Every structure is written in C-alpha cells, then in structure tokens.
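One structure below.
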Amino acid sequence: MRQQLLAWWEVHGRKDIAIKPWMFTTDGRWPEPNEDLSPYGIWIAEVMLQQTQLRVMRPYWEQWMLVLSTMQHLVAAEERQVLLLWQGLGYYSRARRLHQAARQLAASPLPSSLEAWLAVPGIGRTTAGSILSSALNRPVPILDGNVRRVLARLHGCLEPPQRAQASFWQWSEALLDPLRPRDFNQALMDLGALVCTPRTPSCQLCPWQSSCAAYAAGEPSHFPVQDASKPIPFQVIGVGVVLNEVGEVLIDQRLNEGLLGGLWEFPGGKQEPGEAIEATIARELREELAIEVQVGEQLIALDHAYSHKKLRFVVHLCRWISGEPKPLASQQVCWVKPEDLSGYPFPAANVRMIATLIDHLRADMLSQRS
DNA sequence: GAGTCGTGGGG
DNA sequence: TCCCCAAGACT
C-alpha cells in the first residue's frame with residue numbers, strides 16, 4: 001500500500017517548488033529523509049492552509065514571507081500589519097493567534113514535539129502533525145479534508161467522519177510510512193486533491209484502486225457519508241458610510257471575539273422587521289457610536305455569504321450631524337481620509353464597499369470641477 | 001459536541 | 001438568497 005502510493009506520488013505528486021515553496025531546502029531541493037526544514041515558513045503555510053485551498057493561500061504566503069520573513073519580524077510586527085497580510089483569506093482568528101503564539105514563543109526555538117505544538121494557539125492535531133512531518137520528518141499522522149475523504153472511501157466507511165473521528169485517526173496512523181512520513185503525508189493529501197476528489201474522482205489513475213472499498217462498491221463519490229446540512233439564515237444589514245465636513249469617513253474596529261474579529265468596518269447593523277433601512281442605519285449608529293447622522297443616498301447593495309449566514313448589505317452615504325463617535329460596541333473608532341482606508345484590514349464585503357466609495361468620490365470631484 | 005468562524009473556486 | 005468544499009481549531 002505505502003509503496004504504491006509513494007511510487008504514484010514520485011511521478012504525479014505536487015512536489016514542485018512553485019507549488020509548495022515552504023517544503024523545499026534553501027538550495028531549492030525536496031529534502032532527503034534525514035534533512036530538516038526550518039519550521040517557521042511551514043508553520044505559517046500550515047495555518048494558512050486550514051480550510052483553505054493551496055492555490056488560494058499561496059500568494060498570501062509569498063507576500064507574508066517577503067514582509068515577515070522570520071519569527072523575529074512577526075514578533076515585532078503590529079497586529080494591523082499582520083491582519084493586512086491576512087486580508088481576504090478569512091478565518092481571521094488564525095492570524096491573531098499566529099501573532100499571539102509568535103510572541104509567546106519568541107524567546108525559545110520553535111517546538112519539536114507533538115505536545116508542545118498542540119499547546120500553541122491555533123494549532124490542532126492535524127496542523128501539528130503536518131508541521132512535524134513536513135519540517136522534521138517525524139512520524140505523526142494527519143487528518144485533513146483530503147485524508148478524511150481518501151480514508152472514508154478506502155474503508156467504505158458508512159458513518160459520517162465527524163462521528164468516527166477515532167477510527168479515522170487510527171487509520172491514518174496505521175497507514176503512515178514510518179520511514180518516510182514527510183513524503184507519505186504529502187502523498188496522501190496530494191492523492192485526495194488530485195485523484196480522489198470530492199465530485200468525480202479519477203479512479204482509473206488511483207494507485208489504491210484495487211484496495212478501495214468504495215470503488216469496489218461502485219460509487220466512490222457517495223463517500224464520505226454526509227450529515228444533513230442545516231438551512232442558513234438570511235439577514236439584511238444597514239451600513240452607514242459617514243462623512244464629516246472635512247471629507248473623512250468613519251470606521252470602527254470589531255471586537256476580537258466573533259465574526260471578523262479585529263477587522264475594521266463601516267458601522268451598521270441588522271434591519272428589524274418592518275423597519276426602513278434608513279431608520280436601521282440611523283438607529284445602529286446612535287446605539288453603537290452615539291452619533292446622529294443624516295442618511296443620504298444608497299451607495300451600493302451587495303449580498304455576501306459566510307459559512308453559516310447570508311447577509312445583504314445595504315450601504316448608504318451619511319452626513320455626520322452631531323456627537324463624538326464612541327466605541328460602544330467596538331474596540332475603537334476613527335475618522336480616516338478615504339485614500340488611507342487601504343492601511344486598515346477590512347473584510348471582503350467592505351473592500352467592495354470601499355472600491356465603490358472611491359469611485360463615487362472620484363466622480364463627485366469631476367462633476368464639481370466641470 | 002454542536003456551533004462558530006471567511007472566502008473563493010468549481011460543479 | 002444555488003450548492004458543496006477546502007492542508008481545522010476553538011468554545
């Protein structure tokens with residue numbers, strides 16, 4: 001089994017420096033079994049890879065390593081810079097925990113045991129196993145989405161993986177090649193990503209076809225067995241882009257707990273039943289910032305889907321009337337020149353609002369001149 | 001232990 | 001207001 005997979009991986013695996021640059025030695029080679037890699041870049045990559053596809057995270061990793069190329073750089077960095085480097089990747093607590101962990105570990109070398117890595121904020125069993133097998137070639141199993149799917153099919157598991165965690169970990173551990181754990185774990189994930197894919201797996205190309213229970217059963221794509229998904233709630237959010245008399249715009253930093261923690265945003269909140277959206281915006285700004293505004297024209301309306309809710313943002317330009325803004329429901333608030341908004345980390349939906357705002361202000365300038 | 005936490009790609 | 005999913009962790 002192991003040799004079949006490794007032989008497949010030697011030919012078809014994702015072992016290109018352009019694909020997984022963190023997996024290569026400083027002189028550009030895939031490491032030999034007795035060679036260690038510096039764990040810093042691998043740590044950053046593995047955290048970025050949590051619930052995130054390789055090709056999506058790679059440009060973020062490249063940029064991160066240009067700016068925060070060492071542990072010392074990360075320790076010294078401000079949180080705003082860390083979140084800016086993460087902007088667009090999602091699950092922003094990953095970035096804040098990474099920053100926090102770096103500061104905790106600043107004095108000592110990075111951990112080299114499973115227990116020590118598991119104690120690091122943001123590191124669970126899969127990420128710890130991936131770091132240790134990747135960097136130090138330690139025989140520690142992993143159980144990510146790829147491996148879970150491969151194992152579910154291989155064993156023809158009729159139980160949803162969430163309910164059979166223990167079995168899946170045992171399978172992963174039993175399969176792991178004790179001599180080449182680094183290559184084997186990479187091969188297992190590459191198999192899931194390239195061959196044993198969620199929708200239409202390429203069983204004809206699979207080195208484990210003859211061992212696969214799901215293939216034998218005739219319907220590999222029916223595995224892993226799914227839990228029934230629950231309906232996702234939908235809400236309308238009124239958002240105010242508040243401008244003062246000198247043309248600055250009001251933004252606030254969200255609390256660290258909860259959705260989009262630590263990021264900046266234009267203030268607003270949920271529309272209540274029967275409420276006009278203009279009234280929602282005026283009310284939310286009164287409740288959360290203690291200011292009075294005149295709600296003006298709509299800037300944009302946009303739908304945005306999160307993991308477990310869908311929102312429609314209805315964004316209106318507002319004129320500030322009175323009241324010094326107070327962070328009653330946020331970490332801090334401030335007035336910012338529109339051209340300085342790029343210095344603050346915003347969620348994706350807000351980035352779209354900013355682009356529209358900049359366009360709008362530019363058009364305003366032109367029409368006033370003519 | 002079920003919910004919470006983002007975003008972009010692809011069917 | 002499609003759907004599912006991704007190198008999961010934390011509460």
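The shown structure was predicted, so the numbers you read here are calculated from the model rather than taken from an experiment. The chains referred to below are lettered A, B, ... by the order of the sequence lines, with proteins before strands, and numbering in each begins at 1.
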Does [X] reach a base, just sugar-phosphate, or nothing at all? Heavy atoms under 4.0 Å.
{"X": "A:Ser130", "answer": "nothing"}
{"X": "A:Arg14", "answer": "base"}
{"X": "A:Thr127", "answer": "sugar-phosphate"}
{"X": "A:Gly258", "answer": "sugar-phosphate"}
{"X": "A:Gln186", "answer": "base"}
{"X": "A:Ile123", "answer": "sugar-phosphate"}
{"X": "A:Ala193", "answer": "nothing"}

If the [atom1] atom of [N] is compared with that of [M], how far apart are they to the nearest Å?
{"N": "B:dG3", "M": "C:dA7", "atom1": "C1'", "result": "22 Å"}
{"N": "C:dC4", "M": "B:dG6", "atom1": "C1'", "result": "15 Å"}
{"N": "B:dG1", "M": "C:dG8", "atom1": "C1'", "result": "15 Å"}
{"N": "B:dG9", "M": "C:dA9", "atom1": "P", "result": "24 Å"}

Item to complete: Would you mind telling me which residue lines up with the more 5' stretch of DNA chain C, A:Gln53 or A:Thr126, judged by nearest nucleotide?
Response: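 Counting from the 5' end, the first nearest nucleotide belongs to A:Gln53.
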
Worksheet entry | 5' priority, DNA chain C, between A:Trp22 and A:Arg97 [closest heavy atom] |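 The residue whose closest nucleotide sits nearer the 5' end is A:Trp22.
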
Is the centre of the [X] ring less than 6.0 Å from the centre of the [Y] ring?
{"X": "A:Trp86", "Y": "A:Tyr60", "answer": "no"}
{"X": "A:Trp22", "Y": "A:Trp43", "answer": "no"}
{"X": "A:Tyr306", "Y": "A:His304", "answer": "yes"}
{"X": "A:Trp30", "Y": "A:Trp9", "answer": "yes"}

Among [options], find the nucleotide with the atom closest to the side chain of [X].
{"X": "A:Arg149", "options": "C:dC5, C:dC10, B:dG6", "value": "C:dC5"}
{"X": "A:Arg312", "options": "B:dG6, C:dC10, C:dT1", "value": "C:dT1"}
{"X": "A:Arg55", "options": "B:dA2, B:dG9, C:dA7", "value": "B:dG9"}
{"X": "A:Leu260", "options": "C:dA7, C:dA6, B:dG6", "value": "B:dG6"}
{"X": "A:Ala348", "options": "B:dC5, B:dT7, C:dA7", "value": "B:dT7"}

Could you tell me the separation between the [atom1] atom of [X] and the [atom2] atom of [N], rounded to a whole number of Å?
{"X": "A:Leu49", "N": "B:dG9", "atom1": "CG", "atom2": "C1'", "answer": "15 Å"}
{"X": "A:Gln50", "N": "C:dA9", "atom1": "CD", "atom2": "P", "answer": "5 Å"}
{"X": "A:Leu118", "N": "C:dA9", "atom1": "CG", "atom2": "C1'", "answer": "11 Å"}

Is the distance from OP1 or OP2 of [N] to the nearest side-chain N or O of [X] less than 4.0 Å?
{"X": "A:Arg254", "N": "B:dC5", "answer": "no"}
{"X": "A:Gln51", "N": "C:dG8", "answer": "yes"}
{"X": "A:His304", "N": "B:dT7", "answer": "yes"}
{"X": "A:Arg199", "N": "C:dC3", "answer": "no"}
{"X": "A:His308", "N": "B:dG3", "answer": "no"}
{"X": "A:Lys310", "N": "C:dC3", "answer": "yes"}
{"X": "A:Tyr92", "N": "B:dT7", "answer": "yes"}

Worksheet item: When rounded to the nearest 0.5 angstrom, what is the spacing between NZ in A:Lys20 and CD1 in A:Ile42?
Response: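 Going from the NZ atom of A:Lys20 to the CD1 atom of A:Ile42 covers 11.0 Å.
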
Discussion item. As an exercise, state the distance from CD of A:Glu245 to CH2 of A:Trp320, rounded to the nearest 0.5 Å.
Written reply: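 The distance works out to 5.5 Å.
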
Discussion item. Determine whether the aromatic ring of A:Phe234 stacks with the base of C:dT1, defined as ring centroids separated by less than 5.5 Å and ring planes inclined by less than 30°.
Written reply: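 Aromatic stack with C:dT1 present for A:Phe234.
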
Item to complete: Could you list by number each residue of residues 222-230 of chain A showing a heavy-atom separation from DNA chain B of less than 4.0 Å, or answer none if no residue does?
Response: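 A:Lys230 - these, ordered by number, are the residues of the stretch whose heavy atoms sit under 4.0 Å from the strand.
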
Worksheet item: Heavy atoms, side chains only, cut-off 4.5 Å: are A:Val150 and A:Phe223 in contact?
Response: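 Of all side-chain heavy-atom pairs linking A:Phe223 with A:Val150, none is under 4.5 Å.
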
Discussion item. Whether the side chain of A:Thr200 and the base of B:dG11 hold a donor-acceptor pair under 3.5 Å is what I'd like checked.
Written reply: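 Absent.
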
Discussion item. Can you confirm whether the side chains of A:Ser133 and A:Asn185 place a donor and an acceptor under 3.5 Å from each other?
Written reply: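 A donor-acceptor contact under 3.5 Å links the two side chains.
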
Worksheet item: Can A:Ser330 and A:Gln253 be counted as having a side-chain donor-acceptor contact under 3.5 angstrom?
Response: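 Per modelled atom types, A:Ser330 and A:Gln253 side chains form no pair under 3.5 Å.
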
Worksheet item: Which sits closer to the 5' end of DNA chain B, A:Glu257 or A:Arg163, going by the nucleotide each is nearest to?
Response: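 On the 5' side of the pair lies A:Arg163.
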
Worksheet item: With sequence neighbours left out, which residue pairs that include part of residues 78-107 of chain A fulfil the salt bridge (Lys or Arg N to Asp or Glu O under 4.0 Å) condition?
Response: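 Those involving residues 78-107 of chain A do not exist here.
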
